[in-house]
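What you see below is based on every heavy atom in this structure, not just the backbone, and it leaves out hydrogens, waters and symmetry mates. Just so it is clear: chains get the letters A, B, ... in the order the sequence lines come, proteins before strands, and each one is counted from 1.
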2 protein chains.
Amino acid sequence: MSPRIGLDLRAILQAATELADQQGYKEVSLASLAQKLKVRSPSLYNHVNGLTGLRRALALHGLSQLTSDLTSSAVGRSGDEAIRAMSLAYVAYARRHPGLYEATLQAPAEGDAEHKQASQVTLGLISRVLDAYQLSDEMKLHAIRSFRSLLHGFASLEQQGAFKLPLDLDVTLQVLIDTYLAGIVRLQSMPANTEGTQGEVLKHAQQPEED
Amino acid sequence: MSPRIGLDLRAILQAATELADQQGYKEVSLASLAQKLKVRSPSLYNHVNGLTGLRRALALHGLSQLTSDLTSSAVGRSGDEAIRAMSLAYVAYARRHPGLYEATLQAPAEGDAEHKQASQVTLGLISRVLDAYQLSDEMKLHAIRSFRSLLHGFASLEQQGAFKLPLDLDVTLQVLIDTYLAGIVRLQSMPANTEGTQGEVLKHAQQPEED
DNA sequence: TTGTTAAAACTAATGGTATTAGTTATATTA
DNA sequence: TAATATAACTAATACCATTAGTTTTAACAA
């Protein structure tokens, strides 16, 4: 019940990943991918739902790898040490897989539960690491958002070549993380916002989404 | 010596800006722009150097507006107050002009001095505001990079709709900035890195680029 | 007023892209 | 060995950017 077995999703994903990481995410088209695979572009539709589906597949693949790297970096560590390790792992991944990292930034389509789920595995990971700091629920969420902003901002600007002077970027990252860690301690003394509108929000969230 | 005066760069830029901010940056094409202007797309080539030139024009326009907003927010303030005001202005601009903000992220083409110059006006602004903190040259550069990472990361994730829970984003931004400000103070006690390789770099930079 | 001219806007054509419909070919299974 | 499901194909359509070459028109000179 199966004709030629030249292609499968695995081979497609590998070729697309190479294309993205070597030529840039924007260079990934069905045409360029088909050429690389020595196949006509309509053939790809048997394995992937068009360009949109290919990009989604790349995003899922990248998220899976990134989550795996982050998890590995955090196991056996806690507190500051875990935060540091995860930060380095995050930036290292973006450097090693620039195209795939860019793919992971694509927001999930409305109603794409699997993609949303994949995005949120990372959030859960960060959340658990932050448990060590005993923050109020609200402050913890701010801390998570801040951590993501930091990492994404740094990785993204670095990838765009926005930092041009030959001053060690790893040192900048260290400074950034140290600053963040020093700031988290400050948050511990801050109570939840009790002014009403936002306070109860976290408990009553409709879906199990994290943020 | 001039034929029809229906179009000029100003009108094109305004239409493209509306398109970018309302429909999204990715929706800006010569075709969609021409349609909006009730003109055939080849006509645009009389005013703009193709799609690439249009995107460059949008980037310059956005950078100019953003710089203007940041400058206004910083005048009459210094230190923490200036940093806070600039942060709010930055995020407010990204919210008000999502498409144009995305356009400003496009890295300048190699050899495009005007575009590079426009990018670096912002850096100079941040640099002057940070003068108040008396950091070593090296630490100041790390502080600038960190500040940009924070702001860009937050604005970018917010724009992508990455923060879904209904917890006030402005509060998150406050936390983020407060954390940063607390961290800068720590940097004041840190000397320049004297281990050799990076120390002298800033003085010997070939070009007057900032970073 | 009228003719010249420079440049804006046009039409036509080319080549690249994604996508759909319908056909061919082949590996598996009965 | 024959039937079948499906991968990969060809052909066609539509949209995009871009270039070449033509038409039109506003401004200036006579």
Side-chain angles (χ1 to χ4, degrees), chain A residues 1-20 22-61 99 102-103 106-110 112 115, chain B residues 1-20 22-61 99 102-103 106-110 112 115:
Chain A
M1 296 171 182
S2 72
R4 287 155 259 187
I5 355 181
L7 280 190
D8 61 348
L9 192 59
R10 193 203 113 278
I12 287 181
L13 220 54
Q14 179 180 334
T17 297
E18 283 181 28
L19 219 45
Q22 291 168 12
Q23 313 289 324
Y25 179 68
K26 293 178 299 302
E27 299 305 312
V28 177
S29 65
L30 293 184
S32 63
L33 179 58
Q35 187 178 19
K36 186 181 177 79
L37 290 166
K38 301 206 218 318
V39 143
R40 305 295 181 157
S41 58
S43 306
L44 298 172
Y45 283 77
N46 288 313
H47 304 276
V48 131
N49 188 15
L51 184 60
T52 305
L54 176 64
R55 287 178 176 159
R56 176 181 180 273
L58 279 174
L60 290 180
H61 187 218
E102 199 171 340
Q106 202 72 34
E110 203 51 46
D112 187 342
H115 191 168
Chain B
M1 293 169 181
S2 70
R4 288 153 260 188
I5 356 180
L7 279 190
D8 62 347
L9 192 57
R10 192 202 115 277
I12 287 182
L13 220 53
Q14 180 179 332
T17 297
E18 282 182 26
L19 220 45
Q22 291 168 12
Q23 313 289 325
Y25 179 69
K26 293 176 297 304
E27 299 306 311
V28 178
S29 65
L30 293 184
S32 63
L33 180 57
Q35 187 179 19
K36 186 182 177 77
L37 289 166
K38 301 204 216 327
V39 144
R40 307 293 183 161
S41 58
S43 306
L44 298 173
Y45 284 78
N46 288 315
H47 304 275
V48 130
N49 188 16
L51 184 60
T52 305
L54 176 64
R55 288 179 175 158
R56 176 181 179 274
L58 279 175
L60 290 179
H61 188 219
E102 198 172 339
Q106 202 72 35
E110 203 51 46
D112 187 343
H115 192 166

Participant: Check the distance between D/dT6's C1' and A/H47's NE2 and give it to me in whole angstrom.
Facilitator: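 Nearest whole value for this atom pair: 10 Å.
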Participant: Counting heavy atoms not belonging to B/E18, are there more than 12 under 6.0 Å from its CD?
Facilitator: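 More than 12 heavy atoms, drawn from other residues, nucleotides or ligands, come within 6.0 Å of this atom.
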Participant: Separation of A/R40 atom CZ from C/dT17 atom P, in whole Å?
Facilitator: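 My rounded result for the distance is 13 Å.
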Participant: Looking only at atom types and distance, does a side-chain atom of A/T17 sit under 3.5 Å from a main-chain N or O of A/L13, one as donor and one as acceptor?
Facilitator: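 Checked: pair present.
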Participant: Considering only side-chain heavy atoms of A/L7, which listed nucleotide, C/dA21, D/dA8, C/dC10, is closest?
Facilitator: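 Selected nucleotide (nearest to the side chain): D/dA8.
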Participant: Out of C/dA18, C/dT11, D/dC9, which nucleotide sits closest to the side chain of A/Y45?
Facilitator: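 For the A/Y45 side chain, the nearest candidate turns out to be C/dA18.
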Participant: In whole Å, I'd like the distance from the CD atom of B/Q35 to the C1' atom of D/dA17.
Facilitator: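 Atom-to-atom, B/Q35 to D/dA17, this comes out as 16 Å.
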Participant: Using whole Å, report how far CG of B/L44 lies from P of C/dA8.
Facilitator: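 Going from CG in B/L44 over to P in C/dA8 covers 12 Å.
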Participant: Between the base of C/dA7 and the side chain of B/N46, is there a donor-acceptor distance below 3.5 Å?
Facilitator: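 In this structure, the two groups form no donor-acceptor pair.
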Participant: B/L30 has a side chain; which of C/dT17, D/dT18, D/dT10 sits nearest to it?
Facilitator: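 Nearest to the side chain of B/L30 among the choices is D/dT18.
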Participant: Provide, to the nearest angstrom, the distance between the NZ atom belonging to B/K38 and the C1' atom belonging to C/dA8.
Facilitator: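 Atom-to-atom, B/K38 to C/dA8, this comes out as 19 Å.
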Participant: What's the closest nucleotide to the A/A31 side chain, out of C/dA8, C/dT17, D/dA17?
Facilitator: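 Closest of the options to the side chain of A/A31: C/dT17.
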Participant: Do the side chains of B/L33 and B/V39 get nearer than 4.5 Å, heavy atoms only?
Facilitator: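 No, side chains not in contact.
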Participant: Mind calculating the distance between NZ (A/K26) and P (C/dG16) to the nearest angstrom?
Facilitator: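 Going from NZ in A/K26 over to P in C/dG16 covers 21 Å.
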Participant: CG of B/L9 versus C1' of C/dA7: gap in Å, rounded?
Facilitator: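 For the pair B/L9 CG and C/dA7 C1', the rounded distance is 16 Å.
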Participant: Please determine whether a side-chain nitrogen or oxygen atom of A/S41 lies at a distance below 4.0 Å from atom OP1 or OP2 of C/dA18.
Facilitator: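 For A/S41, the contact criterion (side-chain N or O under 4.0 Å from OP1 or OP2 of C/dA18) is not met.
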Participant: Give the rounded distance in Å between these two atoms: CD1 of A/I12 and C1' of D/dA7.
Facilitator: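 From A/I12 CD1 to D/dA7 C1': 11 Å.
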Participant: For B/N46, does the CG atom sit with more than 12 other heavy atoms under 6.0 Å from it, leaving out its own atoms?
Facilitator: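 Counting other residues, nucleotides and ligands, CG of B/N46 exceeds 12 neighbours.
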Participant: Given 3.5 Å as the limit, does a donor-acceptor pair link the side chain of A/S41 with the main chain of A/L30, or not?
Facilitator: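 Flag not set: sc A/S41 to bb A/L30 has no pair under 3.5 Å.
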